[in-house]
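A quick write-up on the structure given underneath.
Computed from a predicted model, the values in this text were never measured in an experiment. When a residue number appears, it is its place in the shown sequence, counting from 1.
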Amino acid sequence: MPGRRAARLGSALTGGDRVSNADRTVLTGARLVLPTGVVDSGRLTVENGRIAEIGSTGADSSPTPQAGAAAGAAAPLDPGADAFDLSGCTVVPGFVDMHVHGGGGASYASGIAEEALVAARTHLEHGTTTTVASTVTGEIDEVCRQASVLSELVEDGLLAGVHFEGPFISINRCGAHQPDLLRDPDPALVRKLVDAARGTAKMVTLAPELDGGIESIRLLKELGVIAAIGHTDANYDKVLEGIEAGATVATHLFNAMPAIGHRAPGPIVALLEDERITVELIGDGVHLHPAVIDLAMTGAGLDRVALITDAMSAAGFGDGLYPLGPLQVRVEDGVARLVEGGSIAGSTLTLDVAFRRAVALNGLSLVRAAQVLSLNPARLLGVADRVGSIEVGKDADLVVLDDAHELVAVMRRGEWVVGSERLRAPARV
Ligand SMILES: [Zn+2]
């Protein structure tokens, strides 16, 4: 029953910052980061939640504006439109996070819809307009219940899918997953989880070396669900076998897998070198040194990289004690570690920070940063026809950044989520 529930939950996600009932919103003066290049003084029109026109307000626009563009500074402002002067700002596509467990003190693994919305809303306020909710290892029936709750939010358009991380992972590389609840990837169990998500399962992370691993990857491929290799102790050859069977993602490459050995290349080299694999990288500066991110971006090429948060509930919230599935996590100075054993337990990253780091520390151009934070994951998830880039016809999912690439405002499907009051402030208009 999408109707009423969607209205109630939808306003929980995007409500609170609606500033106008105008049919059109026009953004002028900003630098627009398109997949083909940057328009320096752009003009972007939003109608019915979608991007209707992209053009330039200035004389110099190196990339060709898209069809329908209202080029030229003389274009009169439409009196029926809600206009924003974004001079000095940069507009990038809303970020797509394909691996995130929670935020704002709330967790997707809680199995409570309102909590999931708090998490989604928190990341939305940091620019993530498309979210795949990740579960963690738990009892199979409990994870099925969580999937069922999350699937309703996907059906309502509030989340983009469900990612099962665990329980089909290696006990030697389980990180923040409870060891006694891990299971071999018996295809029947894999199918049970996927079925519980009622068509909204997007991805399952598993270790291919476990009993049933390769068979389960084949099954996932058949079901149209992404098989992701991660939390694995597999050697190089076993990972290649997993890729042959249909795996297309490396779950947080480098983390929770053996390091590269010069005589034992292991999963990392196999996943980096194979064109069929997109590698997730956690861009928080805690999980990976920036130089290692550089190495992965060079090794895989930027077409095959997706930056993720792998964030847990403390993201956008603060230090303290938090549950992560059945385990306890302590967050100090923004670093989340298991209370027992001290393993790093997810991040407190948000993608606006990941974007800034990718530009400042990894030297990515704005177009390339938008690619690894939005377009690549959108393509992988099969939603690039609607989101992932600033193009006419796509959802108006936009992030407005200032000249230091700090987040100023966020729009989802044409509605301002946060920041529109800052855009209206006299200093900026
Ligand atoms: Zn994770």
Side-chain angles (χ1 to χ4, degrees), residues 5-19 25 46 49-51 91-108 110 112-134 150 152-163 202 283 306-318 346-356 370 373-374 377-378 381 383 386-390 394-401 405-423:
R5 188 189 59 226
R8 178 170 56 85
L9 298 179
S11 65
L13 190 63
T14 56
D17 202 39
R18 193 169 173 81
V19 293
T25 304
V46 175
R50 302 221 169 159
I51 298 168
V91 180
V92 298
F95 306 129
V96 178
D97 198 350
M98 55 186 274
H99 186 156
V100 50
H101 298 273
S107 163
Y108 293 121
S110 64
I112 301 168
E114 284 72 14
E115 268 219 38
L117 283 167
V118 168
R121 168 84 197 183
T122 301
H123 286 280
L124 180 56
E125 288 175 359
H126 289 275
T128 299
T129 48
T130 301
T131 293
V132 172
S134 300
L150 294 170
E152 293 185 2
L153 303 181
V154 179
E155 285 159 12
D156 290 346
L158 307 171
L159 296 173
V162 179
H163 161 219
K202 280 285 183 191
L307 287 177
I308 57 162
T309 62
D310 195 20
M312 43 76 76
S313 46
F317 205 62
S347 82
T348 59
L349 181 66
T350 50
L351 284 182
D352 54 335
V353 175
F355 183 94
R356 214 156 50 237
L373 280 142
S374 303
L381 296 167
V383 294
R386 288 196 357 256
V387 301
S389 58
I390 299 181
K394 288 198 181 185
D395 288 357
D397 289 357
L398 306 171
V399 178
V400 181
L401 305 171
H405 300 145
E406 297 277 347
L407 186 136
V408 176
V410 180
M411 176 182 279
R412 183 174 192 261
R413 297 185 182 174
E415 280 191 50
W416 291 110
V417 177
V418 286
S420 61
E421 72 292 341
R422 291 180 64 189
L423 302 178

Output all residues satisfying side chain to side chain donor-acceptor pair (under 3.5 Å) with [X], sequence neighbours left out; order by chain, then residue number.
X	answer
Asp397	none
Ser110	none
Thr309	Asp97
His99	His101, Glu165, Glu280, Asp310

[X] side, atom [atom1]; [Y] side, atom [atom2] - distance, nearest 0.5 Å:
X	Y	atom1	atom2	answer
Leu373	Leu351	CG	CG	5.5 Å
Leu153	Thr131	CG	OG1	11.0 Å
Thr25	Glu415	OG1	CD	9.5 Å

Can you see which heavy atom on [X] is nearest to which on [Y], and at what distance?
X	Y	result
Trp416	Ala409	CZ3-CB, 3.7 Å
Ala133	Tyr108	CB-CG, 3.5 Å
Ala306	Pro377	CB-CD, 4.2 Å
Arg356	Leu407	NH1-N, 4.4 Å
Ser134	His163	OG-ND1, 2.8 Å
Thr130	Ala160	CG2-CB, 3.5 Å

Check: [Y] and [X] side chains under 4.5 Å, non-hydrogen atoms:
X	Y	answer
Thr350	His123	yes
Val408	Leu401	no
Asp352	Val399	no

Exercise for the section: For Lys394 and Gly388, indicate whether the former's side chain and the latter's backbone hold a donor-acceptor pair under 3.5 Å. Expected result: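 Here the side-chain-to-backbone pair does not exist.
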Exercise for the section: Please step through side chain to side chain contact (heavy atoms under 4.5 Å, CB included) for the pair Lys202 and Val154, ending with a clear verdict. Expected result: CA-CA 11 Å; Lys202 280 285 183 191; Val154 179; over 6 Å; no
Handout entry: Residues that Glu125 engages under salt bridge (charged side-chain N to carboxylate O under 4.0 Å, His left out), provided they are two or more places apart
Key =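 Counting only residues at least two positions away or on another chain, Glu125 forms a salt bridge (charged side-chain N to carboxylate O under 4.0 Å, His left out) with Arg121.
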Handout entry: Partners passing salt bridge (charged side-chain N to carboxylate O under 4.0 Å, His left out) against Asp395 (at least two apart in sequence or in another chain)
Key =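 Expected list: Arg50, Arg386, Arg413.
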Which residues share a side chain to side chain contact (heavy atoms under 4.5 Å, CB included) with [X], sequence neighbours left out:
X	answer
Ala314	Met312, Tyr322, Val331, Thr348
Ala378	Val96, Val383, Ala384, Val387
Val118	Ala106, Thr122

Practice task
Go through Leu423 and Val400 one step at a time and tell me if the side chain to side chain contact (heavy atoms under 4.5 Å, CB included) criterion holds.
Solution key: CA-CA 9 Å; Leu423 302 178; Val400 181; 4.3 Å; yes
Handout entry: Set of residues satisfying ring-ring contact (aromatic ring centres under 6.0 Å, His included) with respect to Phe95, sequence neighbours excluded
Key =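 Counting only residues at least two positions away or on another chain, Phe95 forms a ring-ring contact (aromatic ring centres under 6.0 Å, His included) with Phe355.
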